[in-house]
Structure formats: C-alpha cells, structure tokens
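To start, the structure under review is shown below, and the notes come after it.
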Amino acid sequence: MSWIREGELSLLERLTANILKAGPMPKHVAFIMDGNRRFARKKHVERQEGHTQGFDKLAETLRWCLNLGIHEVTVYAFSIENFKRSKEEVDGLMELAEEKFARLLSEHENLEKHGVCIRVLGDLTLLPEDLQRQIAKAVVATRVHNKCFLNVCFAYTSRYEIANAVKEMAWGTEQGLIKSSDVSEALLSQCLYTSSSPDPDLLIRTSGEVRLSDFLLWQTSHSCIVFQSVLWPEYTFWNLCEAVLQYQLNYRAIQKARELHMDAEAVQQLEADRACVEQLQQGGNGKLMDARSRQAALLNYTSQREERVNRFLSALQHKRDSYFHRLCSPTAVA
Ligand code: FPP
Ligand code: MG
C-alpha cells in the first residue's frame, strides 16, 4: 500500500468532518501506533502481518487527517527500545520500512501533488546502512514540499533526543559558536530532531496503554493527550473524530497553559540577558549606567546573542544536511 491512500470520505464522514471543523482543529497530531502484535494474535495472523496492517492504517489515517485539515502528523514507528525485541521481529520491521521507503520514492509524483514532506526523526546511524540510504533519499526528495508534513520517528526515544540536543549545545560551546549563557529552553527545543515542527496539539495512543513510552516528552507538555483502547490496525475515522472532540473540549485550558508558558519563557530570557549585561558591566569599568544606556546595552547584547545562536543553528543544520547528502551520493557508505 502507498503512503497516501487516495479516496474520499463517505457522506456521513464528510458531514461529521464539517461539524468538527466548525470548532478549533488541531494542526499537528502525533500518534503512538500501538497494538499491532495483539491485533495479529487476535486475528490469528503472523506478527509481521500485524505490522504491515499497521502501516496500511497509517496511510489511511493520513488521508483522514488531510480531509480534516490536519497538515502535520508525527508517528512513533520504531523506538530505540524496540531493538530489544527478537532479531526476527526487528529484521521484519527493518524490511518493512525499507520496502515502504523504496515505495515512497517510486510514488514521488503523488507526494509532490499533495505537497507531502517526509521527515525521519531519530538516530538513523543505529539503522542498517541500506535503510539509512533509503530514508535519506526519501527525505531529500520530499524536503521542498510544504503543504503537509509527516514526521516518522524511527530509532527514536525522547530522552535520547533530549540528551542529543544537550550534546549539540555542548559542541556549539566547544566550537566557540555559542556561550554557555546562551543555553535556554528555546535553544534546546531548536536542537531537537523536531525543531522544524510546532509542538503537537494532540497526542493519541491506541491499544489501551496509558503511558508515553518515551515519546515526545519535551514537545507534549502542553498537548492534549488521548488514550484510546482500539488496537492500531483497527483504528477508524470515528476514533480519530472522538480524539479531536476531546481536544476541542479541552481547547481553552490548553491554550491558556501554552500562553502562560510562552510568557514565562520570554521573561526568563529577558532576565538571563539582563544578568549577562550586568555581569559584563561589572567586569568592565564598573561605572553605573543610566536607564537609557542600560536599555541600549541590553538591546545590543540581545542582538549579539541572537546572531551567535543563528550561526550555531546554521552550523547544526549544515551538519544534518551533510549526513543526508553523503548518504544520497552514488558512492555512499554510511
Ligand atoms: C506497536 O505495536 C507498533 C510498532 C512497534 C511498530 C509500528 C510500525 C508501523 C505501524 C509500521 C510503520 C512503518 C513505517 C515505514 C512508517 P506493538 O508491536 O507494540 O504491538 P503490541 O502492543 O500489541 O505488542
Ligand atoms: Mg506495544
């Protein structure tokens, strides 16, 4: 099955979608697609068939999301913890991914038509080399598309991602690109694999498990989290509508929490900048400044910090781009 499943909604589904769309809609939805193996057991089919049907369900869900005006979807396709499963299962999942990413490349026209940009988030160096190359080709081929975004978390856990972001900031400091005082919540967010996406508005986990299993821990602190008992391969349009309705019922509280957090972050940054200016002044001639000079020094410091941070983020982007381009070159060795 292809990544984007063609087809329209039924009349009843369209009607429901239009009613839902009269309310606030999530722009970005994340899924923990759980329950593939239980589904396989329930249907007395091979475990691998459960995962294959899980992929098919992803393609169907993407279509529903597009029909509902949800233009960004992030899915947990393979956790770093999943490497601990049996060799047979891990190999099966790697083969499935390789087949689907190869297919994605052959469907480039369709993805271009829908403007789908595919990003793969995680430590891809943990994957087999052939799969790394296939993923890199798919990411590079769709990176200019900008109508909708599918983020596939593969060889991913949130703690690993956060630790990696901290390492990147340490690297930036060692290289003299940023100062340790430039480290902030906002900068850490920009060093995560998810830096190109807004935080998810809604996170859905299927199969009745009620935990986050190390998925998007940083990004979902102000998201609506919905746990549903349905097994992923049995997910329906109606399950998705129910989750969106939950989001709508909690919308005001979510928005309020987000605004409060954004205000607090801005105040934190301002205070940090003020403290740095004060320290610089004490280390300088030590003369007291009048209010106007203090304001000018603060503005000057803020713009220098922003310049440093932008240079560091460009260097980081360059590092990531070179990894993908190296893998796409005809003589690539991972
Ligand atoms: C969780 O169910 C599912 C997974 C670990 C794999 C999810 C992968 C897919 C749906 C295919 C995606 C592939 C691509 C290329 C995007 P489980 O195995 O934990 O099942 P259980 O909870 O019933 O044991
Ligand atoms: Mg599971």
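For the numbers below, each heavy atom of this structure counts, side chains included, while hydrogens, waters and symmetry mates do not. Both ligands and their constituent atoms are indexed starting at 1 by order of listing.
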Atom 14 (C) of ligand 1 has as its nearest protein heavy atom Phe55 CD1, 3.7 Å
Which residue holds the protein heavy atom closest to atom 6 (C) of ligand 1, what is that atom called, and what is the gap in Å? Ala77 O, 3.4 Å
Compute the minimum heavy-atom distance from Ser207 to ligand 1 and say whether it is under 4.0 Å. no
Side-chain H-bond candidate by donor/acceptor type, Gln219 with Glu161, under 3.5 Å: yes
protein heavy-atom neighbour closest to atom 3 (C) of ligand 1 works out as Met33 O, 3.2 Å
Do we get Arg119 above Phe324's six-membered ring, with its NZ or CZ under 6.0 Å from the centre and within 45° of the axis? no
Check ion pair Lys113-Glu109 (N to O, under 4.0 angstrom): no
Go through the steps for Glu278 and Arg274 under the test salt bridge (Lys or Arg N to Asp or Glu O under 4.0 Å), then give the verdict. CA-CA 6 Å; Glu278 221 162 88; Arg274 273 206 186 114; over 6 Å; no
Could you tell me whether Asp201 and Arg258 make a salt bridge, using a distance below 4.0 angstrom between a side-chain N and a carboxylate O? yes
Salt-bridged, Lys42 to Glu234, with N to O below 4.0 Å? yes
Checking a contact table here: which protein heavy atom is nearest atom 15 (C) of ligand 1, and how many Å away? Ala97 CA, 3.7 Å
Minimum heavy-atom separation for Ser223 and Pro200, please, with both atom names. OG-O, 2.6 Å
Hey, looking at atom 17 (P) of ligand 1, which of Val120, Leu131, Asp34, Leu104 has the closest heavy atom? Asp34
Ranked by distance from atom 23 (O) of ligand 1, the top protein heavy atom is Arg38 N, 2.8 Å
Using 30° and 60° as the class boundaries, would you call the ring planes of Trp64 and Tyr235 parallel, tilted or perpendicular? tilted
Per atom 18 (O) of ligand 1, closest listed option by heavy atom (Arg85, Arg41, Arg47): Arg85
Total protein N/O/S atoms whose distance from the Mg ion (ligand 2) is less than 2.8 Å: 1
Check this for me - ligand 1, Lys100, N or O atoms closer than 3.5 angstrom, yes or no? no
Ligand-side contact atoms (ligand 1) for residue partner Gly35, heavy atom cut-off under 4.0 Å: 2 (O), 20 (O), 21 (P), 22 (O), 23 (O)
Are the side chains of Ser207 and Val230 in touch, meaning some heavy atoms are under 4.5 Å apart? no
Which of the atoms of ligand 1 are close to Gly54, meaning less than 4.0 Å from one of its heavy atoms? 10 (C)
Kindly determine whether Asp273 and Gln269 satisfy side-chain hydrogen bond (donor to acceptor under 3.5 Å, both in side chains), including the steps that lead there. CA-CA 6 Å; Asp273 283 354; Gln269 187 62 69; 3.2 Å; yes
Looking at ligand 1, does any of its N/O atoms fall within less than 3.5 Å of an N/O of Asn82? no
List the closest protein heavy-atom neighbour of atom 24 (O) of ligand 1: residue, atom name, distance to the nearest 0.1 Å. Arg37 NE, 2.8 Å
May I ask you to check whether over 12 heavy atoms, not counting those of Arg159, lie within 6.0 Å of atom CZ? no
Should the ring pair Phe215 and Tyr156 be called parallel, tilted or perpendicular, given that the plane angle runs from 0 to 90° and is split at 30 and 60? perpendicular
Short version for Gln134: what comes under 4.0 Å of ligand 1, heavy atoms counted, is neither
Is any side-chain heavy atom of Leu96 closer than 4.5 Å to one of Gln48? yes
